[in-house]
2 protein chains.
Amino acid sequence: MATPSMEDYLERIYKLIDEKGYARVSDIAEGLEVHPSSVTKMIQKLDKDNYLIYEKYRGLMLTPKGKKMGKRLVDRHQLLENFLTTIGVQEDNIYKDVEGIEHHLSWDSITCIETLLEYFRREPSRMDELMNVRKDLEADN
Amino acid sequence: MATPSMEDYLERIYKLIDEKGYARVSDIAEGLEVHPSSVTKMIQKLDKDNYLIYEKYRGLMLTPKGKKMGKRLVDRHQLLENFLTTIGVQEDNIYKDVEGIEHHLSWDSITCIETLLEYFRREPSRMDELMNVRKDLEADN
DNA sequence: TGCTTGGTGTAGCCATTGCTTTATTTCCCC
DNA sequence: GGGGAAATAAAGCAATGGCTACACCAAGCA
């Protein structure tokens, strides 16, 4: 299984390839705010675990396994952002919270949160009702 | 600020005191599945950070700060368990997931999840509707 | 009283995870 | 072919927390 940091790298790589068609060491490093040498090292680890195929100085390609996992990770991240937004968490807390929890939820939990979001999406008035509850609770203090 | 591990200890200690009136090193160690020496070390750290007052061989007492934080941590844990249960996560995933995310959510997020739970509590039929969404989504596959 | 014993405390060590620094290598393009 | 940007290798460091081994205290019993 992948460590949290491996997931961060894989997520970033998937996104870069998705957006620009390729993922360079320096882009990955910049995105994650680490030094290039850290990226090289992690890429080698990801290669060893068959998430990607890596050729020194030549670049990398995600394997099917890597693509699949990358997509899941990116989707998961997005889902969690949507979830926190939906329930009313402040913008400035969302990124850090997602960053913190995304690596620690089972896919079962992810699926359930997905369902919950769909629940609110289907009937937007439900969010209004949620906000009413919020106002009630705030009034209690 | 407290590290994840410090929070685990504080949570455990608060619970022990709440249930038995005191918290012995060996009980804490057993609860967290670590060796007693690790507990002593952490207790000293918690003392240094004013979460508790510690006297060698004599036991410990939570300070007001420690009590307040301990209660928050225990409540937070419970809240997250309830949340995952409510949205339909399987029993066997809940503990590990909560264990994983509890240290990584802002109090803003916690409050919002609290509101969400209250939303379902007020009108239990909402959970039925949530389960209907779930069935729909499952049928799609 | 004094000894035994179980619970505690101390010190030093180890593992994991990642990151940095520094020095070197490779590629690409002029 | 040479220069510079990018990438890599090697070594080391820092934070976190856990463990082992051994020393120590204190309560209860003989």
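Here is how names work: the chains are called A, B, and so on, in the same order as the sequence lines, proteins then strands, and each is numbered from 1.
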Q: Heavy-atom count around A:E30 CD within 6.0 Å, excluding the residue itself: above 12?
A: no

Q: With a 4.0 Å cut-off on N to O distance, would you call A:R134 and A:E138 a salt bridge?
A: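 The answer is yes: the pair qualifies as a salt bridge.
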
Q: Could you give the CE-to-C1' distance, from B:M1 to D:dA15, as a whole number of Å?
A: 17 Å

Q: Can you check whether B:Y9 has a side-chain N or O nearer than 4.0 Å to OP1 or OP2 of D:dG18?
A: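 Affirmative; the distance criterion is met.
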
Q: With the threshold set at 4.0 Å, does a side-chain nitrogen-carboxylate oxygen contact exist between B:K96 and B:E99?
A: no

Q: Can you sort out which residues in residues 35-56 of chain A have a heavy atom within less than 4.0 Å of DNA chain C? Ascending by number, please.
A: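 Heavy-atom contacts with DNA chain C come from A:H35, A:S37, A:S38, A:K41.
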
Q: Between B:T86 and B:M127, is there a side-chain heavy-atom distance shorter than 4.5 Å?
A: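 Sidechains of B:T86 and B:M127: in contact.
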
Q: Between D:dG17 atom P and B:L10 atom CG, what is the distance in whole Å?
A: 13 Å

Q: Contact between B:I110 and B:L79 at the side-chain level, heavy atoms closer than 4.5 Å - yes or no?
A: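 Yes, side chains in contact.
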
Q: What's the CD-P distance between A:E7 and C:dG18, to the nearest Å?
A: 10 Å

Q: Between A:I43 and A:L52, what is the shortest heavy-atom contact and its length?
A: O-CD1, 3.7 Å

Q: Looking at A:D8 and A:R12, does any basic side-chain N land under 4.0 Å from a carboxylate oxygen?
A: no

Q: Kindly state which residues belonging to residues 95-106 of chain B come within less than 4.0 angstrom of DNA chain C, counting heavy atoms of the residue only, listed by number.
A: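 The answer is none.
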
Q: Between B:Y22 and B:Y14, does the ring centre distance come in under 6.0 Å?
A: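 Aromatic pair excluded; centres sit 6.0 Å or further apart.
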
Q: Less than 3.5 Å apart, any donor N or O on the side chain of A:T63 or A:N50 sitting next to an acceptor on the other?
A: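 No donor-acceptor contact under 3.5 Å links the two side chains.
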
Q: Whole angstroms only, please: what is the CG-C1' distance between A:D8 and C:dC19?
A: 14 Å

Q: Would one find more than 12 heavy atoms of other residues, nucleotides or ligands at under 6.0 Å from atom CE of A:M61?
A: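 Result for CE/A:M61: open.
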
Q: In residues 23-33 of chain A, which ones come under 4.0 Å of DNA chain D, going by heavy atoms?
A: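 Only A:R24, A:V25, A:S26 qualify.
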
Q: Of A:P4 and B:Y57, whose closest DNA chain C nucleotide lies nearer the 5' terminus?
A: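 The residue closer to the strand's 5' end, by nearest nucleotide, is B:Y57.
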
Q: In terms of the angle between their ring planes, are B:Y119 and A:F120 parallel, tilted or perpendicular, with boundaries placed at 30° and 60°?
A: tilted

